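Quick caveat: nothing in here was measured; it's all calculated off a predicted structure. Heavy-atom basis, side chains included; hydrogens, waters and symmetry copies ignored.
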Amino acid sequence: MDIVILAVVIAVVVLGALGGLIVGSRRKKQLPPPPPAAPDITAPPVEPHVGDEAETPREEPRRTIEEVDLPDGSAPVVVEEPPAEAPEIEIPEPTAGRLVRLRTRLSRSQNALGKGLLTLLSREHLDEDTWEEIEDTLLTADVGVLPTQELVERLRERVKVLGTRTPEGLRTLLREELVTLVGPDMDRVVKTEPEDRKPGIVMVVGVNGTGKTTTTGKLARVLVADGQSVVLGAADTFRAAAADQLQTWGERVGAHTVRGPEGGDPASVAFDAVKEGKEMGANVVLIDTAGRLHTKTGLMDELGKVKRVVEKQAPVDEVLLVLDATTGQNGLVQARVFSEVVDITGIVLTKLDGTAKGGIVVAVQRELGVPVKLVGLGEGADDLAPFEPEAFVDALIGE
């Protein structure tokens, strides 16, 4: 019995020892691995801060504030700018015979009007159909109804009476009749030299797009070429670039330009221009007015106001109406309306080089009863020419 009890006790002890060993081994497996040894890391170099030098500072002699020369502040430092270069003054070419030199610019009108008429008149039989074609040619060239009828009647009579059939005879006949139609006896001198005073005053009027401001600048060149001194009045204050454009034209030939604020009173600018022209002893004052639409009644009334204000100092010697030769009958409507507001004394036809409607010269003169005094035959600075009837007709019908 004792032996059994002893065996049980030994078994219990053995089982307890085995259980302790198992628990101890599990605990050993769950323990975390020991931390690795810290590596030997070298600290990075310190980044330089503002003001640090790349190398070790060296000892240098330093001055005290008493030893440093400071500006006294009595005179500010002035930076001298180079003087602006004055624009080079151009010398315009003489105006005498200028239209003759520019006659080739009328080639389109020549082909449509002059040569067209010569071709028709040179037919072997001048029947009614041919005369109707001659009428159509004249009307297409904007000669106008009444002047066309007058010219055809005279041509029919002279061809019948004289029996002229040679090309040279027909050309001479046509030249004579066209010169008569254009009006060789009309006074085409631009009035810029009144006998009793200085300066002569010229107003330039017209609608937008006709080349009015450019024409004013070119007219200044014409006058300077003829030995006159000019003052320009930029009274077109409603168009931002108009005054700048006119001043540029004036600077090219040494003409003084009077201008006002954008959107200012045009009459005031015109008044000041005449006043300064008097003070400077200028020969001519050219006043460029706003390009007014003839359908705007208020603006047209203002144009009349400009003329009245100017005439408080001196009479206006010339009122030149600028018309675009390519507008045809619409240009005649413009001319009629402008003549009701201001007394038009002369016509300037621009863009005559780019149109086949050279007959507008005749039509506008008949409409207003005033002469064409100047014609524009190109975009060059000296392409504005005094109108000469005989040179104009010669250019139309060719050699």
J.: In the single-linkage hydrophobic clustering (I, L, V, M, F, W, Y; side-chain heavy atoms under 4.5 Å), do V372 and V182 co-cluster?
T.: yes
J.: Do M203 and V284 belong together in a cluster built from hydrophobic side chains that touch within less than 4.5 Å?
T.: no
J.: Is there a side-chain contact between L170 and L174, using heavy atoms and a 4.5 Å cut-off?
T.: no
J.: Filter on salt bridge (charged side-chain N to carboxylate O under 4.0 Å, His left out), then keep only pairs touching residues 265-282, sequence neighbours left out; what's left?
T.: D265-K305
J.: Less than 4.5 Å apart, side chain to side chain, heavy atoms only: is that true for L349 and I360?
T.: yes
J.: Return the set of residues passing side chain to side chain donor-acceptor pair (under 3.5 Å) with D129 (not counting sequence neighbours), or none when no residue passes.
T.: none
J.: With no hydrogens and no angle check, is any side-chain donor or acceptor of T214 less than 3.5 Å from a backbone partner on G211?
T.: no
J.: In terms of hydrophobic clusters joined by side-chain contacts under 4.5 Å, are L232 and V253 together?
T.: yes
J.: Using every non-hydrogen atom in the two residues, find where I201 and P315 come nearest and quote the distance to one decimal.
T.: CD1-O, 3.6 Å
J.: Look up atom CG in L352 and atom CG in D383, then write down how far apart they are to the nearest 0.5 Å.
T.: 12.0 Å
J.: Give me each pair satisfying salt bridge (charged side-chain N to carboxylate O under 4.0 Å, His left out) with a member in residues 231-241, each pair once, sequence neighbours excluded.
T.: K212-D236, D236-R239
J.: Considering only residues two or more places apart or on different chains, which pairs with a residue in residues 331-347 satisfy salt bridge (charged side-chain N to carboxylate O under 4.0 Å, His left out)?
T.: R336-E367
J.: How far does CG of L138 sit from CD of E150, to the nearest 0.5 angstrom?
T.: 11.5 Å
J.: Answer yes if W131 and L178 sit in the same cluster of Ile, Leu, Val, Met, Phe, Trp and Tyr residues linked by side chain heavy atoms under 4.5 Å apart, and no otherwise.
T.: yes
J.: Among all residues two or more places apart in sequence or in another chain, which pass the salt bridge (charged side-chain N to carboxylate O under 4.0 Å, His left out) test with E262?
T.: none
J.: Assess whether side-chain contact (heavy atoms from CB on, under 4.5 Å) is satisfied between L321 and L368, documenting all intermediate values.
T.: CA-CA 11 Å; L321 174 61; L368 297 184; 4.3 Å; yes
J.: Mind checking side chain to side chain donor-acceptor pair (under 3.5 Å) for Q365 and listing every partner two or more places apart, or none if nothing turns up?
T.: R188
J.: Is any side-chain heavy atom of F338 less than 4.5 Å from a side-chain heavy atom of V319?
T.: no
J.: Who passes ring-ring contact (aromatic ring centres under 6.0 Å, His included) against F387, sequence neighbours left out?
T.: F392
J.: I would like to know whether L384 and V348 meet side-chain contact (heavy atoms from CB on, under 4.5 Å); could you show each step before the answer?
T.: CA-CA 9 Å; L384 184 71; V348 182; 4.0 Å; yes
J.: Does K218 use its side chain to pair, donor to acceptor, with the backbone of W249 at less than 3.5 Å?
T.: no
J.: Are L219 and V274 linked, directly or through intermediate hydrophobic residues, by side-chain heavy-atom contacts shorter than 4.5 Å (ILVMFWY only)?
T.: no
J.: Are the side chains of N283 and L223 in contact, using a 4.5 Å heavy-atom criterion?
T.: no
J.: Looking at every non-hydrogen atom in both residues, tell me the closest pair between A273 and G233 and how far apart they are.
T.: CB-CA, 3.7 Å
J.: What are the two closest heavy atoms between V205 and L303, and how far apart are they?
T.: CG1-CD1, 3.8 Å
J.: To the nearest 0.5 Å, what is the distance between CD1 on I134 and CG on L126?
T.: 6.0 Å
J.: Not counting sequence neighbours, list each pair that qualifies as a salt bridge (charged side-chain N to carboxylate O under 4.0 Å, His left out) and has a residue in residues 317-333.
T.: R197-D317, E318-K373, D324-K351
J.: Between S229 (side chain only) and V224 (backbone N and O only), is there a donor and an acceptor less than 3.5 Å apart?
T.: no
J.: What are the two closest heavy atoms between V145 and L139, and how far apart are they?
T.: CA-CD2, 3.9 Å
J.: So which atom in G200 and which in P194 form the shortest heavy-atom distance, rounded to 0.1 Å?
T.: CA-CD, 3.6 Å
J.: Measuring only between side-chain heavy atoms, which start at C-beta, is L173 closer than 4.5 Å to L121?
T.: no
J.: For residues R171 and D394, report the shortest heavy-atom separation together with the two atoms involved.
T.: NH2-OD1, 4.3 Å
J.: Is any side-chain heavy atom of L320 less than 4.5 Å from a side-chain heavy atom of V322?
T.: no
J.: Excluding sequence neighbours, so at least two apart, what forms side chain to side chain donor-acceptor pair (under 3.5 Å) with D244?
T.: R259
J.: Between L181 and R154, is any pair of side-chain heavy atoms under 4.5 Å apart?
T.: yes
J.: Test L332 against V364 for side-chain contact (heavy atoms from CB on, under 4.5 Å), laying out the working first.
T.: CA-CA 6 Å; L332 298 182; V364 73; 3.8 Å; yes
J.: With sequence neighbours excluded, tell me which residues meet salt bridge (charged side-chain N to carboxylate O under 4.0 Å, His left out) with D127.
T.: none
J.: Which value, rounded to the nearest 0.5 Å, describes the distance between T192 atom OG1 and Q228 atom CD?
T.: 3.5 Å
J.: Checking T327 now: which residues fulfil side chain to side chain donor-acceptor pair (under 3.5 Å) with it, not counting sequence neighbours?
T.: none
J.: Are the side chains of T345 and K191 in contact, using a 4.5 Å heavy-atom criterion?
T.: no
J.: To the nearest 0.5 Å, how far apart are CG in D288 and OG1 in T213?
T.: 3.5 Å
J.: Check step by step if side-chain contact (heavy atoms from CB on, under 4.5 Å) holds for I347 and V361.
T.: CA-CA 9 Å; I347 305 296; V361 171; over 6 Å; no
J.: How many angstroms lie between atom CD of E251 and atom OG1 of T248, to the nearest 0.5 angstrom?
T.: 5.5 Å
J.: Under the rule for salt bridge (charged side-chain N to carboxylate O under 4.0 Å, His left out), what residues qualify as partners of E379, not counting sequence neighbours?
T.: none
